[in-house]
Every structure is written in structure tokens, then in C-alpha cells.
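Following: one structure in C-alpha cells, then a few remarks.
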Amino acid sequence: EADIYQTPRYLVIGTGKKITLECSQTMGHDKMYWYQQDPGMELHLIHYSYGVNSTEKGDLSSESTVSRIRTEHFPLTLESARPSHTSQYLCASSEGLAGGPRGELFFGEGSRLTVL
Amino acid sequence: AQKVTQAQTEISVVEKEDVTLDCVYETRDTTYYLFWYKQPPSGELVFLIRRNSFDEQNEISGRYSWNFQKSTSSFNFTITASQVVDSAVYFCALSEAGTGGFKTIFGAGTRLFVKA
């Protein structure tokens with residue numbers, strides 16, 4: 001059973017606000033990821049991390065930033081939210097190379113952000 | 001560069017019909033991993049299957065089966081005797097071992113409607 005948690009599940013905020021989307025996993029996975037997805041549409045990788053103090057940008061350019069100070073925690077921050085940031089943000093983790101022995105990504109339930 | 005194409009945007013079937021979801025991928029690596037994920041209306045992505053590039057053996061799991069053909073770069077997914085609970089968006093994904101497995105990219109997804 002996957003143990004990866006995202007908060008908040010839903011967030012509606014005004015333009016210009018700073019927001020942080022939280023993501024925590026209890027599986028001890030080194031690799032963590034953030035994907036952006038419009039409802040039912042393609043997932044786009046925006047950030048990933050090899051491990052503590054390691055972060056990389058993904059294929060889709062994003063104005064968000066991430067940090068990885070602890071293995072289990074991979075928060076995503078938007079310093080000044082805009083309506084174009086309205087989307088669903090999915091956090092995932094995996095064990096190792098291509099996800100480890102079983103290879104899969106474990107996903108959280110997502111954070112649906114609406115910026116007015 | 002990696003690319004995953006799911007040409008079928010939406011498929012609608014009647015319960016008990018068989019349905020095949022197509023996935024075509026592009027990669028320059030000889031070692032790579034392919035996945036299928038299911039995203040039900042609740043939004044959380046659920047892992048279904050993983051295949052590495054050296055294992056072309058087809059797999060059956062209950063009503064689900066997968067056909068991996070390297071010659072055509074395809075990894076198709078068949079649901080036999082579909083049920084209403086199969087209604088979801090299905091994503092095919094590709095992860096290249098050469099990149100450390102970090103950049104798992106997803107196709108655009110196929111939305112499956114199963115009508116009672």
C-alpha cells in the first residue's frame with residue numbers, strides 16, 4: 001500500500017499569494033517527483049529529486065520551486081500565484097532506478113489549485 | 001528523445017465488451033521501462049503494470065492483458081469483458097534507465113467509458 005500524502009487537496013486563492021503544496025511519503029523512497037496535470041489530461045514532469053539536497057527541473061517549465069531537506073518531504077512553492085497556475089499538482093515517489101524492483105511511481109491524491 | 005503516444009483520446013464501450021488501448025513509444029535507449037497507470041474519477045493514479053525492454057513476454061492478470069512488441073514499439077493494453085468500474089483515464093508511461101529512471105514521461109491518456 002502506497003503511503004504518500006499531499007495537502008491541501010483543494011486550494012482556492014487570489015492572485016499574488018504565496019502558496020506551498022506539501023508532499024510527504026513514509027516509504028523511505030529516495031526519488032520524488034512533481035507532475036502538473038490539467039483534469040484528465042497529460043501529466044507533465046515539473047520537478048524531481050534524487051535525494052536529500054538534490055532537486056532538478058523537469059521537462060515542463062514551471063515558476064514553482066521545490067526543496068528536499070528531508071527524505072520524506074518534498075514541498076512545492078509558488079511565490080506569487082497567477083491564474084495560469086490553476087491546475088492539479090501530483091506528487092510521486094519511487095524506490096530507485098526506474099522505480100526499483102517493481103519500478104512504479106507511487107502517487108499522492110493530488111492538490112487541485114485554483115487561482116482567481 | 002522519449003515520447004509516448006496514445007492516439008485514442010476517448011473510447012466508449014458497453015459492459016462486457018473487450019477493449020484495447022493503444023500505446024506507441026519512442027526511445028533511443030536499449031534499456032527502458034514501460035508502464036500502464038489507471039486514473040479513476042477520484043484522481044489518484046494507480047499502477048497497473050511494468051515491463052522492461054528485455055522482457056517481451058505478454059502478461060495476463062485477470063481481465064487485463066498486455067501485449068509488448070518491440071518491433072513496432074508498442075505496448076497495448078486489453079481489458080476483457082469490461083465493467084463499469086473500468087471507466088477511467090489510462091496512461092501509458094516510459095522511463096529510460098539511462099536517465100536514472102527519473103524522467104518517467106506519460107502519454108496523453110485514453111479516457112475509457114464503460115456503459116452498463
Side-chain angles (χ1 to χ4, degrees), chain A residues 1-6 9-10 23 27 29-51 54-60 66 68 74 87-113, chain B residues 1-11 23 27 29-55 59 61 75 87-113:
Chain A
E1 178 103 358
D3 293 302
I4 180 165
Y5 308 100
Q6 290 185 242
R9 289 290 312 280
Y10 303 93
C23 177
M27 297 170 281
H29 289 169
D30 287 330
K31 318 292 188 287
M32 295 189 74
Y33 317 80
W34 278 101
Y35 286 87
Q36 184 174 342
Q37 182 193 31
D38 290 328
M41 304 294 285
E42 188 171 355
L43 283 80
H44 296 283
L45 180 65
I46 53 174
H47 298 284
Y48 59 98
S49 168
Y50 301 136
S54 159
T55 61
E56 301 287 342
K57 289 191 177 293
D59 295 325
L60 180 67
V66 293
R68 190 87 183 277
F74 191 41
S87 189
Q88 174 162 255
Y89 294 84
L90 293 166
C91 182
S93 72
S94 65
E95 286 184 271
L97 179 64
R102 289 192 299 156
E104 71 267 34
L105 298 176
F106 294 91
F107 282 89
E109 292 181 301
S111 292
R112 192 176 295 279
L113 173 65
Chain B
Q2 296 171 279
K3 186 177 180 182
V4 177
T5 302
Q6 294 180 255
Q8 305 149 307
T9 304
E10 290 186 1
I11 301 175
C23 174
T27 177
D29 271 10
T30 56
T31 301
Y32 53 88
Y33 300 83
L34 295 163
F35 306 83
W36 276 95
Y37 290 84
K38 175 182 180 181
Q39 188 175 39
S42 60
E44 186 174 351
L45 276 103
V46 177
F47 165 76
L48 295 178
I49 191 172
R50 168 187 187 256
R51 264 288 175 267
N52 71 55
S53 52
F54 299 109
D55 181 5
E59 183 164 334
S61 176
F75 186 44
S87 296
V89 182
Y90 291 86
F91 291 94
C92 182
L94 166 69
S95 182
E96 292 176 333
T99 62
F102 302 132
K103 288 190 178 182
T104 299
I105 66 161
F106 288 77
T110 297
R111 185 179 296 276
L112 175 64
F113 295 97

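So you know, we letter chains A, B, ... as the sequences are listed, proteins then strands, and number each from 1.
Per-residue heavy-atom pair counts under 4.5 Å with chain A were compared for B:A88, B:G109, B:S42, B:G107, and the maximum is reached by B:G107. Ranked by heavy-atom pairs under 4.5 Å with chain B, the list A:M41, A:Q37, A:E42 is led by A:E42.
For B:A93, the side-chain contact (heavy atoms from CB on, under 4.5 Å) criterion is met by B:F35, B:Y37, B:T104, B:F106, not counting sequence neighbours. In this structure, the ring pair (Phe, Tyr, Trp, His ring centres under 6.0 Å) partners of A:H29, at least two apart in sequence or on a different chain, are A:F106.
Contact of A:E56 with chain B is not made at all, since no heavy-atom distance falls under 4.5 Å. Looking at B:T9, there are no atoms closer than 4.5 Å to chain A (heavy atoms on both sides), in backbone or side chain.
Applying the 6.0 Å contact sphere to NZ of B:K3 captures no more than 12 heavy atoms from other residues, nucleotides or ligands.
In this structure, CG on B:L45 lies 9.0 Å from CG on A:L105, to the nearest 0.5 angstrom. In this structure, CD in A:E104 is found 10.5 Å from CG in B:L48, a value given to the nearest 0.5 Å.
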